[in-house]
2 protein chains.
Amino acid sequence: MDTAADTRQRLVDTARNLIAASSYHAVGVQEICGQAGVQKGSFYHFFDSKRELALAAVDDMAEYFSRSIFEHAFSADIAPLARIERFFTAVYNYHQQVKDTTGHVQGCPFGNLAGELGSVDSGMRDKIDTLFRLAETAIDQTLQDAVEQGDLPRMDTHAAARAIFAYAEGLILYAKTRNDATLIRDLGKRAIQLAIEAG
Amino acid sequence: MDTAADTRQRLVDTARNLIAASSYHAVGVQEICGQAGVQKGSFYHFFDSKRELALAAVDDMAEYFSRSIFEHAFSADIAPLARIERFFTAVYNYHQQVKDTTGHVQGCPFGNLAGELGSVDSGMRDKIDTLFRLAETAIDQTLQDAVEQGDLPRMDTHAAARAIFAYAEGLILYAKTRNDATLIRDLGKRAIQLAIEAG
DNA sequence: GCTTGACTTGACCGATCGGTCTAGTAGACT
DNA sequence: AGTCTACTAGACCGATCGGTCAAGTCAAGC
């Protein structure tokens, strides 16, 4: 069924895949249309520009990661600190699976786009910043739970959450650079140490 | 004096600046030539391709960072752990200065290129991987010094060094996404905590 | 003074870029 | 049945892409 919604979604999905596999500037509208089986005219019926599609693709990916990783990892069925460990494991699993499928650790699509466009497209940077803050909040909330349950001393959980998420992004970029996802799994275990404030 | 070496270096310098300010694919050979005051033909006399120039630019940047940040930060004039702190301060200073100059935290040029090209150009990925391993080694050596001086317990310094460097890359990417270099300064202090093994 | 080879000049190449436009199709509402 | 609108088809646009090439400049070595 080629409904209009399908066409739009097909463009978003294709853009997600192609941009994640290379980069924003390396992927052309023509290539996206070709792979999605959509004509140029339809493309520009749904999106004002290539950039608008990329922004939509980022939203789509954000929702995907929120559902497939965050919701599961941070659900309160286990102890708070175990949730953070579970988060890193889920991140590892995802990137390992991408590598098994494509041969490459593709890295964090948001981080990649932030690196490529952050200094050039402030709208895109803002959007990714917002997403990162959301992730930060999930970690923050978990750390607060840990403090309340006595698993961690009282601390600035917000700063600790930022440190932990930055560490996650760093591990993912590192894993991409080395094309080895196991770094995320092996070094991710240290993440919680960032929560302990220096004396 | 427009010697041949000058022409080549001017191309490398211009490529460094332009690519760091945006990205590899966003910068054209024409633009590089224009800004460097060099003609197309001269460009392709010195470099076989745009990619070769980018690789040369990466080498050039690596040498620059090695001299301007690493050599100073990790010199043995202060205690080992203080050197690591000094490293993060130096990283902060650099990115703050870039922001003061350009208005944007441009991020780690190597990390940016790894994100943009890592899945597409394995030669580039390998080169950046090698550079990261060098950085890793500097941190590893410093941690070993700290262990020997009794400032840290015995540990897997290599793994700790990888964690700390990944954390640095993460903080830099985070700072770029937020266009706020102070994150590097404020959160960098926690880096050493990554060296303490869990358990 | 002649030759050689490194370097420069700038026109030129086909391909592709992001984006526009006109014509047409098809399903829903009156 | 007729109209309207959402959507599709695909030719077409100027600009730019990375890269080539023939012609020429110029300084060093003989």
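Naming convention: chains lettered A, B, ... in sequence-line order (proteins, then strands); numbering from 1 in each chain.
Taking side-chain N and O atoms only, B:Thr7 has a distance below 4.0 Å to OP1 or OP2 of C:dT8. Taking side-chain N and O atoms only, B:Gln30 has no distance below 4.0 Å to OP1 or OP2 of D:dG18.
Ring-plane geometry between B:Phe70 and B:Phe87 is classed as tilted, the angle between the planes lying from 30 to 60 degrees on a 0 to 90 degree scale.
In this structure, A:Lys40 atom NZ and C:dG24 atom C1' are separated by 19 Å, rounded to whole Å. If you take CD1 of B:Ile19 and P of D:dG18, they are 10 Å apart, rounded to a whole angstrom. In this structure, the CD1 atom of B:Ile32 is 14 Å from the C1' atom of D:dT16, given to the nearest Å. The distance from atom NE2 of A:His25 to atom C1' of D:dC17 is 13 Å, rounded to the nearest whole Å. Following rounding to the nearest Å, B:Phe47 (CZ) and C:dT8 (P) show an atom-to-atom distance of 11 Å. The nearest whole Å value for the distance from the CD atom in B:Gln39 to the P atom in C:dC12 is 15 Å. Atom CZ in B:Phe46 sits roughly 17 Å away from atom P in C:dG5 (whole-Å rounding). Going from atom CG of B:Asp48 over to atom C1' of C:dC7 covers 15 Å, rounded to whole Å.
When the nucleotides D:dA9, C:dG19, C:dT8 are ranked by their closest atom to the side chain of A:Tyr44, C:dG19 comes out on top. Comparing atom distances between the B:Lys50 side chain and each of C:dG19, D:dG19, D:dA9 picks out D:dG19 as nearest.
Along DNA chain C, the nucleotide nearest to B:Gly41 and the one nearest to A:Phe43 differ in position, and the one closer to the 5' end is contacted by B:Gly41.
Scanning all heavy atoms of the two residues, the minimum distance from B:Arg178 to A:Arg162 falls at NH1-CD, 3.7 Å.
In terms of modelled atom types and a separation under 3.5 Å, the side chain of A:Tyr174 and the main chain of B:Phe165 share no donor-acceptor contact.
Looking at A:Lys99 and A:His104, their side chains never come closer than 4.5 Å, going by heavy atoms from C-beta outward.
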